[in-house]
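Counting begins at 1 with the first residue of the sequence.
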Amino acid sequence: MNEKRGLLIKRTIMMLVGILFISICVGCYRLSGFGVDAFTCMNLGISGFIGMTFGTWQLIMNILILIVVFFTVRKCIGAGTIVNMVCVGYGADFICWMAQDVLRIDMTLPLRIGALILGSLFAGLGVAFYMVAEMGIAPYDSVALIIEKITKNRVKFQYARVLSDVTCVAIGVLFCLASHGDLLMIVGIGTVINACFNGPLIQFFRTHVTEPLLNGKK
């Protein structure tokens with residue numbers, strides 16, 4: 001009983017840490033000005049087009065995707081799903097507000113590059129943390145698993161993730177152009193890095209960091 005309770009506590013901590021990392025990731029991408037991650041790109045493009053705050057629109061989009069997840073890969077839904085849906089968008093908004101409006105940090109080029117690097121690392125590490133915790137993952141992170149299931153594992157997770165990320169970027173660009181928004185703020189080198197490498201990074205961190213951490217292996 002104590003062992004099961006300890007494992008539950010460990011999984012809960014890993015889930016919360018993973019979601020915190022994702023919030024930091026999205027905030028860092030936005031502060032870098034080099035483009036954001038694929039899902040954020042799509043949501044910033046659409047929210048700007050319809051005149052809604054990013055956090056609120058991202059919550060709505062997550063609910064829509066969650067409905068699809070419920071009928072396809074229901075095992076992906078858990079406490080972590082709800083926490084992720086509610087916290088990541090508003091968490092990123094809070095980080096940007098603190099940096100820009102409270103601390104008034106001057107995002108010089110070295111700081112922007114540093115934010116880009118941190119965002120890229122936290123993107124893969126954060127997802128790897130809460131996926132391995134198996135307490136539910138973000139609806140969007142389930143999309144790659146849905147593709148993997150539909151194709152009967154012919155398209156592996158890392159490649160399915162690249163496919164879904166590239167699609168999200170395309171949607172974000174279209175909506176941003178339609179609203180005459182600042183395209184360079186949502187699409188840039190950071191977007192390309194995230195769309196092309198986040199899937200493999202998630203798989204790498206799962207194999208070499210989070211799974212050994214959960215199982216107590218060195």
Side-chain angles (χ1 to χ4, degrees), residues 4-32 36-43 54-55 58-59 61-63 65-66 69 73-96 98 115-148 157-158 160-162 164-165 168 190 193-195 197-218:
K4 289 183 178 180
R5 184 178 180 181
L7 182 60
L8 177 61
I9 293 173
K10 194 172 185 178
R11 288 182 182 276
T12 302
I13 292 173
M14 291 183 71
M15 178 265 289
L16 293 174
V17 168
I19 291 172
L20 174 62
F21 283 173
I22 293 299
S23 295
I24 295 172
C25 152
V26 175
C28 283
Y29 270 133
R30 289 170 62 181
L31 289 171
S32 76
V36 295
D37 65 277
F39 190 52
T40 303
C41 173
M42 180 179 72
N43 288 327
F54 167 74
Q58 176 145 307
L59 178 58
M61 177 57 71
N62 273 323
I63 292 172
I65 298 175
L66 183 63
V69 173
V73 285
R74 196 175 304 178
K75 65 179 182 180
C76 294
I77 300 175
T81 307
I82 307 303
V83 176
N84 192 299
M85 287 173 57
V86 175
C87 293
V88 169
Y90 292 118
D93 280 345
F94 175 76
I95 290 170
C96 290
M98 285 292 296
L116 172 62
I117 293 172
L118 284 177
S120 299
L121 291 176
F122 277 124
L125 189 58
V127 175
F129 258 97
Y130 67 69
M131 284 188 74
V132 168
E134 294 184 341
M135 296 191 70
I137 60 178
Y140 176 68
D141 292 323
S142 301
V143 172
L145 296 175
I146 293 173
I147 295 173
E148 192 176 37
F157 172 83
Q158 56 265 44
R161 179 66 186 231
V162 171
S164 60
D165 283 348
C168 281
I193 291 173
N194 184 272
F197 298 107
N198 199 36
L201 273 176
I202 293 170
Q203 191 63 39
F204 174 83
F205 284 128
R206 284 177 63 182
T207 303
H208 298 285
V209 178
T210 57
E211 288 179 355
L213 183 62
L214 179 64
N215 298 322
K217 297 178 181 178
K218 295 182 179 181

Worksheet item: Any chance the side chains of Tyr29 and Ser120 put a donor and an acceptor closer than 3.5 Å?
Response: yes
Worksheet item: For the side chain of Arg11 and the backbone of Val132, is there at least one donor-acceptor N/O pair under 3.5 Å apart?
Response: yes
Worksheet, complete the sentence: Scanning both residues in full, the closest heavy-atom pair of Lys10 with Leu213 reads NZ-O, 2.7 Å
Worksheet item: Can you tell if the side chain of Gln158 reaches within under 4.5 Å of the side chain of Val162, non-hydrogen atoms only?
Response: no
Worksheet item: Within the side chain of Asn62, is there an N or O that forms a donor-acceptor pair under 3.5 Å with the backbone of Gln58?
Response: yes
Discussion item. Does any part of the side chain of Ile65, heavy atoms only, come nearer than 4.5 Å to the side chain of Val143, both counted from C-beta?
Written reply: yes
Item to complete: Could you tell me whether Lys75 atom NZ has more than 12 heavy atoms of other residues or ligands within 6.0 Å of it?
Response: no
Worksheet item: Is there a donor-acceptor contact under 3.5 Å from the side chain of Thr81 to the main chain of Ile137?
Response: yes
Discussion item. I'd like to check Asn198 versus Phe39 (side-chain heavy atoms, cut-off strictly below 4.5 Å). Are they in contact?
Written reply: no
Worksheet item: If you take all heavy atoms of Ser142 and Cys76, which pair is closest and at what distance?
Response: OG-CB, 3.4 Å
Item to complete: Determine which pairs satisfy salt bridge (Lys or Arg N to Asp or Glu O under 4.0 Å) with at least one residue from residues 14-28, sequence neighbours left out, and list them in order.
Response: none
Discussion item. For Tyr90, is the OH atom crowded, meaning more than 12 foreign heavy atoms sit under 6.0 Å from it?
Written reply: yes
Response to the item:
Per side-chain hydrogen bond (donor to acceptor under 3.5 Å, both in side chains), Tyr140 is matched among Asp165, Asn43, Asn84 by Asp165
Worksheet, complete the sentence: Heavy atoms of Ala115 and Ser32 approach each other most closely as CB-CB, 3.9 Å
Fill in: Heavy-atom closest contact (Pro139 atom, Val69 atom, distance)
O-CG2, 3.9 Å
Discussion item. Below 30° counts as parallel, above 60° as perpendicular, anything between as tilted: where do the rings of Phe122 and Phe21 land?
Written reply: tilted
Worksheet item: Are the side chain of Asn215 and the backbone N or O of Glu211 linked by a donor-acceptor pair below 3.5 Å?
Response: yes
